[in-house]
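Single-structure report; data block below.
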Amino acid sequence: MISWRPTYYPGLVTHPGHAVAERQMRGFGGIVSFLHAGGEAAALAMVERTEVFTLAESLGAVESLIEHPGRMTHAVLAQSPLAVDPALVRLSVGIENIDDLLADLDRALRG
């Protein structure tokens with residue numbers, strides 16, 4: 001079964017910052033993060049299996065990107081109070097066809 005724990009996206013009404021984002025933004029953006037329920041090893045394996053999403057540290061491009069912040073952008077914080085959950089996966093959704101992106105994520109999550 002595909003599983004992830006919290007999904008972090010201000011466009012979700014359940015997100016704690018939703019009301020603020022709704023007031024401040026015209027849209028909610030293309031950055032989505034979630035905690036892989038399988039933990040760090042499953043998150044790392046998942047990001048390496050994507051084919052449409054490109055594994056990259058930069059999240060500012062027109063193509064869809066994926067990263068594992070605990071091993072990439074936030075690795076230096078690993079032993080600090082600011083450390084991110086090692087199961088965290090971050091997506092920057094680009095301009096590719098949504099069906100292709102969803103199929104890529106589905107396949108990567110299933111292994």
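Atoms considered below: every heavy atom in the structure, side chains included; atoms not considered: hydrogens, waters and symmetry mates. All residue numbers refer to positions in the sequence shown, counting from 1.
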Exercise. Is a donor on one side and an acceptor on the other found under 3.5 Å between the side chain of His18 and the backbone of Pro10?
Worked result: yes

For this session: Treating Ile, Leu, Val, Met, Phe, Trp and Tyr as nodes and any side-chain heavy-atom pair under 4.5 angstrom as an edge, say whether Met72 and Met46 lie in one connected cluster.
Result: yes

Seminar exercise, completed: When every non-hydrogen atom of Pro69 is compared with those of Leu88, the smallest separation belongs to CD-O, 3.3 Å

For this session: Output the distance between atom OG1 (Thr54) and atom CD1 (Ile66), rounded to the nearest 0.5 Å.
Result: 10.0 Å

Exercise. Which value, rounded to the nearest 0.5 Å, describes the distance between Arg110 atom CZ and Leu105 atom CG?
Worked result: 12.0 Å

Exercise. Looking only at atom types and distance, does a side-chain atom of Asp104 sit under 3.5 Å from a main-chain N or O of Phe53, one as donor and one as acceptor?
Worked result: yes

For this session: Under the ring-ring contact (aromatic ring centres under 6.0 Å, His included) rule, collect the residues that match up with Tyr8, sequence neighbours excluded.
Result: none

Exercise. Does the His68 side chain pair with the main chain of Arg71, one donor and one acceptor, at a distance under 3.5 Å?
Worked result: yes

Exercise. Under the 3.5 angstrom rule, does the side chain of Ser80 hit a backbone N or O of Leu82 as a donor-acceptor pair?
Worked result: yes

Exercise. Distance from Leu55 atom CG to Leu44 atom CG, nearest 0.5 Å?
Worked result: 9.5 Å

For this session: For residues Arg49 and Arg107, report the shortest heavy-atom separation together with the two atoms involved.
Result: O-NH1, 3.0 Å

For this session: Any chance you could lay out the side-chain contact (heavy atoms from CB on, under 4.5 Å) test for Val47 and Val89, step after step, and finish with the verdict?
Result: CA-CA 8 Å; Val47 300; Val89 174; 3.8 Å; yes

Seminar exercise, completed: CZ (Phe28) and CD (Glu22) are apart, to the nearest 0.5 Å, by 5.0 Å

For this session: Looking only at non-hydrogen atoms, find the nearest pair between Leu65 and Ala56 and report the distance.
Result: CD2-CB, 4.1 Å

For this session: Examine the side chains of Thr73 and Glu57 and answer whether a donor and an acceptor come within less than 3.5 Å of each other.
Result: no

For this session: Supply the atom-to-atom distance Leu102 CG to Asn97 CG, rounded to the nearest 0.5 angstrom.
Result: 9.0 Å

For this session: For residues Gly94 and Ser64, report the shortest heavy-atom separation together with the two atoms involved.
Result: N-OG, 2.7 Å

Problem set entry | Nearest non-hydrogen partners of Pro86 and Ala43, listed with the distance | O-CB, 4.3 Å

For this session: Find out whether Leu77 and Val84 are in side-chain contact, i.e. whether some heavy atom of one side chain is under 4.5 Å from a heavy atom of the other.
Result: no

